[in-house]
Amino acid sequence: MELNEESIGAVQLFYGLDAAVVVRLLQSCPVRELEVGESLIRPGEQSESLFIVLDGKLSVHLESIDNEPVFYLGAGESVGELSLIDQRPRSAFVRVVECASILEISRATFWSLANSLPRIAVNLLIILAARLRGNNLTIADSLKEQDKYRLHSLTDGLTGLHNRRWLNSILPRQMERSVRSNETLALAMLDIDHFKSINDTYGHQVGDFVLAKVAKCLVDSVR
């Protein structure tokens, strides 16, 4: 794919700039044609270039290339900006998922452009802010999922009461607390009379209903 005003005009980093001027300033920058499955960026690599997606689609992965993508990049978007700014090694995998045309802008060319066209710095700030906000939402969603799985691992799915795993975790701490405060600790065990006959007579579905009702009575009656 050749570099032209149409492709440059769609690039977020160059929004609000004269596309003809930008094309002229980028004439020395190569356009790479990448096939599906090729890697554009790997963690640990030193950052020497910024990449602009002119066509195609890329996926971004954290920790392992086999992990689910955290987001995708399409035509007009860029990648590699942060490493170019802080000069630290790259921290993610970026792979081609649809045949892509990639404009590679060297560090020297990028800073020359940013100094001569201040609008680029403004656009870059907007891009990074949007990406940061997106990352924050991803982290928040991940924490919610972790809390949900943690809750599920500590409670019984039928009754909603804490399970044996929770008891194994909390009981030793409560015993230590009782010793420190010199207070009495009580542990009560309950058994439902004739529960087996309920299951045998009416079936396990009714038995489950009884367990859930007893659990609700307990929750409503004690702390």
Can you confirm whether more than 12 heavy atoms, excluding those of F209, are under 6.0 Å from its CZ atom? no

Should V22 and V11 count as side-chain neighbours, where that means a heavy-atom distance under 4.5 Å? no

Side chains of I8 and I52: closer than 4.5 Å at any heavy-atom pair? no

Enter the distance from R95:CZ to H61:NE2 here, rounded to the nearest 0.5 Å. 4.5 Å

With no hydrogens and no angle check, just 3.5 Å: does a side-chain donor-acceptor pair link E183 and S178? no

Please say whether more than 12 non-hydrogen atoms of neighbouring residues, nucleotides or ligands are located less than 6.0 Å from CZ in R165. no

Report the distance from atom CD of E98 to atom CD of E35, rounding to the nearest 0.5 Å. 12.5 Å

Partner residues of D18 under the salt bridge (charged side-chain N to carboxylate O under 4.0 Å, His left out) criterion, sequence neighbours left out: none

Side chain to side chain, L171 and W166, heavy atoms closer than 4.5 Å: no

Step-by-step side chain to side chain contact (heavy atoms under 4.5 Å, CB included) determination, R173 to I170: CA-CA 5 Å; R173 302 209 306 266; I170 200 70; 3.0 Å; yes

Q27, CD: over 12 other non-hydrogen atoms inside 6.0 angstrom: yes

Would you say the side chain of E81 lies within less than 4.5 Å of the side chain of L128, judging by non-hydrogen atoms? yes

Are there more than 12 heavy atoms of other residues, nucleotides or ligands under 6.0 Å from atom CD of Q174? yes

T109 side chain to S112 side chain, donor-acceptor N/O pair below 3.5 angstrom: no

How about I120 and F14: do any of their side-chain heavy atoms sit closer than 4.5 Å? yes

Hydrogens and angles aside, do S7 and N4 bring a side-chain donor and acceptor to less than 3.5 Å of each other? yes

In terms of heavy-atom contacts, P172 and L167 come closest through CD-O, 4.0 Å

Please evaluate residues V36 and C99 with respect to the criterion side chain to side chain contact (heavy atoms under 4.5 Å, CB included), reporting the C-alpha separation (whole Å), side-chain torsions for both, the decisive distance (0.1 Å), and the verdict. CA-CA 5 Å; V36 174; C99 292; 4.0 Å; yes

Looking at every heavy atom in both T159 and A215, which two are closest together, and how far apart are they? CB-CB, 3.6 Å

So which atom in S91 and which in L62 form the shortest heavy-atom distance, rounded to 0.1 Å? O-CD2, 4.3 Å

What's the shortest heavy-atom distance between E45 and R42, and which atoms? OE1-N, 3.1 Å

Heavy-atom check, side chain of P43 versus side chain of F93, under 4.5 Å: yes

Mind listing the closest non-hydrogen atom pair of G74 and V53 along with its distance? O-CB, 3.3 Å

Side chain to side chain contact (heavy atoms under 4.5 Å, CB included) assessment of I105 paired with L84: CA-CA 10 Å; I105 304 175; L84 205 64; over 6 Å; no

